[in-house]
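Quick notes on the structure that follows.
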Number of protein chains: 2
Amino acid sequence: MLTERQLLILQVIIDDFIESAHPVGSRAISKKEHISFSAATIRNEMADLEDMGFLEKTHSSSGRVPSEKGYRYYVDHLISPSIMHEDGDVIKHIIQDNFFEFEQIVQMSAEVLSRLTNYTTIILGPEIFETKLKQIQIITLSSNTAVAILVTNTGHVEHRSFSIPHEIEPSDIEKMVNIMNDQLSGVPIIQLAEKFNSQIASMMKKYVSNLENSYHYLNAALIQDHPVKLYIGGKSNMLMQPEFNDVDKIRSFYAMIENEDEIASMLKQSKDGIKVSIGRENNVEAIKELSLITAAYHLGEDQTGTIALLGPTRMEYRRVISLLNILSHEMTEALYMWYKNNE
Amino acid sequence: MLTERQLLILQVIIDDFIESAHPVGSRAISKKEHISFSAATIRNEMADLEDMGFLEKTHSSSGRVPSEKGYRYYVDHLISPSIMHEDGDVIKHIIQDNFFEFEQIVQMSAEVLSRLTNYTTIILGPEIFETKLKQIQIITLSSNTAVAILVTNTGHVEHRSFSIPHEIEPSDIEKMVNIMNDQLSGVPIIQLAEKFNSQIASMMKKYVSNLENSYHYLNAALIQDHPVKLYIGGKSNMLMQPEFNDVDKIRSFYAMIENEDEIASMLKQSKDGIKVSIGRENNVEAIKELSLITAAYHLGEDQTGTIALLGPTRMEYRRVISLLNILSHEMTEALYMWYKNNE
DNA sequence: ATTAGCACTCGATAAGGTTGAGTGCTAACA
DNA sequence: TGTTAGCACTCAACCTTATCGAGTGCTAAT
């Protein structure tokens, strides 16, 4: 168990290192305001903290740097969640100003969060389990091209252009759209493909001549791949961090951040509340020198999305956690209001 | 005027430097297959070429490197436009496979071009002078939220969620949409705002009670800001180039590439055909060490968009020019066919 | 006009020297 | 027994110096 003094020293070291990015030495600590014991004493305590695995040295005569275990302890025990009022106000404004467009809220939040923190923000759109189809529209552009538009109850719009096979009449299209809206409106997006295949296809045969092709096209245009939407803001913030003054690190960071699938799967793990993964805790090779902080937000009762901040392990945990707390809370609240109105 | 031999040497040096990124020395040249004179002779010629400004040295005893003037001469006189057949085939496939979706073509082209070249691709969507409104749709999501959808004759879709003020009845919305579609369908996007203000506003007053708010919202949602669309692919390719093994250069490159307005204005200059801007020729501080190659593509008769490749001045000009030739040609052709079908 | 030869230049790399911030340990002290 | 002053030691960072080699320019011979 750690003594009061060890806790104090650990905290001071981590705070200092988070700010300066330089290893912290005993003399520097002893000079701080609220430190009343000598450098030698601190050295002894630091040696103990190192033995316990909370601190590390970069080389045998360097100052101390927090280890992953040190950060973990810091996050779990040493930071009292403080509210940053200015930050909170900024966030509230963003959300209120964009209250009526879900995607706008998300997009803006990602940018603001990056600007406030200088880290990289990743927001995962809500899981689509509960998102429902609102309406399908097909607008013909010419005799043989059309654009299909799919609107969900969350106001999300997907569209896809396609060609109209020769055999299909405009009236056929109209019929098909009517059938689809009749049958599919209110159906969760995730069940669309299934419903489409099991129920709609047979119905259409009755009304629409030459189904094969149109079926194929519609299927391709609307039902296929609705990848989880990922909003990433402040990628180039990472270039500002002193730990990224090495070209190779920059390269591998960009390689990682452009692999959206991997990122999505990293974020999906997160449950309720705020989760902090420090360095190797992520089990993902690509970010073994970074920390990932995720917070869930909710849309309605079952849908959850994830907001995350990615930064060096030397991260301003206190501030970031407070920010994510506020943001996820505000988003959830705003979306709850919005969702209630939509029922 | 340059002698035959000087031309040959200039060409060999530039070809070699483009491939290796290392200054080229006289001995290395003299060893090449088709070079039959000695290193000393080459040194004399190189000195002359340097006097004329086609070559430079990185330091007093280094090999030679092409100057901007050297690249300029190379591009203007030394490269016979050769067709790369494999590249051409890849491009044709992309375009044919995505024939029916304009944005898809553009998106895919940007990615393929980046993959083939290892440079950064920038594609500027067609100017909107001739793009016309096809249809406006407003889909209500709930009693007080709705999403407005605007479709152009090119199959482009814009959407925007907004709130419905209390005073407005669903029937009002329907009326408004009908009026707008009656009056605005076929109107060039660029004139939408004007037409909306001059003609529609007054008409609506007759039919729709409490116009002020709805007017405001619709205006904001649909008419405002349709920025030129920019597709950028292969940003991180630049990290592979040896000239970018300096963190500061990477930083300023990303700062530049994220400033979309500046990029758009750089590209807009380009007229017909292929234009090569080498280093400082761009007059843009941010890319004074890069080359920008632009090619126009056409949509219909009056609309032109721009495809561009951005890379180090040490660029594979021959290959890149040939690629852009093929791509702009294929895009223009595909779009012509498509446009014709749409009339 | 061409080329061999040679002195010279300069970046790149490695080797040694100095500095300063930091440590661990010991012995004295409260 | 816990704390502290003192001191020898370590090591990265920085600077200087030496060496090497790829390259040049110039001169003189062909």
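Any value given below was found using the heavy atoms of this structure, including those in side chains, with hydrogens, waters and symmetry copies removed. Here is the naming used below: chain letters follow the sequence lines, and residue numbers restart at 1 for every chain.
- Evaluation of atom-type donor-acceptor distances gives a pair under 3.5 Å for the side chain of B:Ser61 against the base of C:dT9.
- Ring geometry for B:Tyr73 against B:Phe54 counts as perpendicular: the plane angle is over 60°, on a 0 to 90° scale with 30° as the lower cut.
- Applying the ring-ring contact (aromatic ring centres under 6.0 Å, His included) test to A:Tyr119 and every residue at least two apart in sequence or in another chain returns nothing.
- When the side-chain nitrogen and oxygen atoms of A:Lys57 are compared with OP1 and OP2 of D:dA12, none of them lie within a distance under 4.0 Å.
- Put simply, A:Arg64 has a side-chain N or O that comes within less than 4.0 Å of OP1 or OP2 on C:dT23.
- Residue A:His59 is the one, among B:Pro23 and A:His59, whose nearest nucleotide of DNA chain D lies closer to the 5' end (criterion: closest heavy atom).
- Position along DNA chain D of the nearest nucleotide to A:Ser60 versus A:Arg5 favours A:Arg5 as the more 5'-ward residue.
- A sub-4.0 Å separation between OP1 or OP2 of D:dC26 and a side-chain N or O of B:Arg43 is absent.
- Regarding contacts with the backbone of D:dG23, every side-chain N or O of B:Ser26 stays at 4.0 angstrom or more from both OP1 and OP2.
- Tested against B:Glu316, the residues B:Arg314, B:Arg318, B:Arg319 include a single salt bridge (Lys or Arg N to Asp or Glu O under 4.0 Å) partner, B:Arg319.
- Salt-bridge formation is detected for the pair A:Glu50/A:Arg64: a Lys NZ or Arg NE/NH1/NH2 atom is positioned less than 4.0 Å from an Asp or Glu carboxylate oxygen.
- Of the side-chain N and O atoms in B:Thr41, one or more sit less than 4.0 angstrom from OP1 or OP2 of C:dT3.
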